[in-house]
Amino acid sequence: QVQLVESGGGLVQAGGSLRLSCVASGRSINSYRYRMAWFRQAPGKEREFVATISRSGGSTYYADSVKGRFTISRDNAKNTVYLQMNSLKPEDTAVYYCAADDSLRVGREGPYLYWGQGTQVTVAS
């Protein structure tokens, strides 16, 4: 009942920036219902939590590996969540996935019910 579509990935030099977007849609979409998150998965590695934002946007939480460099935000009027990525490093290279869950009891790192297809981010040294 919820579809998530990521965009904004690409190739960037180390130290550069990218902004990812995730647009949510569905039969009864209500942005205030969903906690949103970003995960990433590098080749040969398990999916890794990156950041999450509360339903109203009033609270955020980040993995230590991206803290101070990445910022998650949301625009509920547009049913969109963003991930601003600054000071990118080669180790940030991964497929980045958007996730959502409407459970009031979902943890910050999941498990999340809905997932997008991912967008590739490649950081060149």
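No hydrogens, no waters, no symmetry mates; every other heavy atom, side chains included, goes into these values.
Counting heavy atoms from C-beta outward, Val81 and Tyr34 have side chains that stay 4.5 Å or more apart. Side chains of Val12 and Met85 form no contact here, defined as non-hydrogen atoms less than 4.5 Å apart.
A single hydrophobic cluster is seen to contain both Val2 and Leu113, as judged by linkage of ILVMFWY side chains at heavy-atom distances under 4.5 Å, directly or through other members. Both Val50 and Leu88 are assigned to one and the same hydrophobic cluster, defined by single-linkage of ILVMFWY side chains at heavy-atom distances under 4.5 Å.
Under a 4.0 Å N-O distance rule, the pair Asp64/Lys67 qualifies as a salt bridge.
Minimum heavy-atom separation, Ser54 to Gly58: OG-N, 3.2 Å. Taking both residues in full, the closest heavy atoms of Gln1 and Gln3 are given as C-NE2, 3.7 Å, listed atom of the first, atom of the second, then distance. The minimum heavy-atom distance linking Thr119 with Gly8 is given by the pair OG1-N, 4.3 Å. Shortest non-hydrogen contact noted between Ala42 and Ala94 is N-CB, 3.8 Å. Heavy atoms only, all atoms of each residue included: Tyr112 and Ala100 are closest at CD2-C, 3.7 Å. Contact record, Ala14 with Ser125: CB-CA, 4.2 Å, taken as the closest heavy-atom pair.
Side-chain atoms of Arg74 never come within 3.5 Å of backbone atoms of Gly57 as a donor-acceptor pair (strictly under, hydrogens ignored). In this structure, Thr52 contributes its side chain and Met36 its backbone to a donor-acceptor pair below 3.5 Å. Of the possible polar contacts, one joining the Asn76 side chain to the Arg55 backbone as a donor-acceptor pair under 3.5 Å is found. Between the side chain of Asp101 and the backbone N or O of Arg35 there is no donor-acceptor pair closer than 3.5 Å. Checked by atom type and distance alone, the side chain of Thr80 never pairs as donor or acceptor with a backbone atom of Val23 at under 3.5 Å. Remark: side-chain polar atoms of Tyr62 are paired, donor with acceptor, to backbone N or O of Ile72 under 3.5 angstrom. A donor-acceptor distance shorter than 3.5 angstrom exists from the side chain of Glu6 to the backbone of Cys98, with no hydrogens or angles considered. Side chain of Gln117 to main chain of Val5: no donor-acceptor pair is present (N/O by atom type, distance under 3.5 Å, no hydrogens or angles).
Between Trp115 and Tyr97, the two ring planes are perpendicular [angle over 60°; tilted spans 30° to 60°].
Rounded to the nearest 0.5 Å, atoms CZ (Phe70) and CG (Leu20) are 8.0 Å apart. Going from atom CD of Gln120 over to atom CD of Gln41 covers 11.0 Å, rounded to the nearest 0.5 Å. The distance from atom CG of Asp92 to atom CG of Leu18, rounded to the nearest 0.5 Å, is 10.0 Å.
Judged by a 6.0 Å distance limit and a 45° cone about the ring axis, Arg47 is not positioned over the six-membered ring of Phe39.
Partner Ser65 forms a side-chain contact (heavy atoms from CB on, under 4.5 Å) with one of Arg40, Lys89, Glu91 and no other, that one being Arg40.
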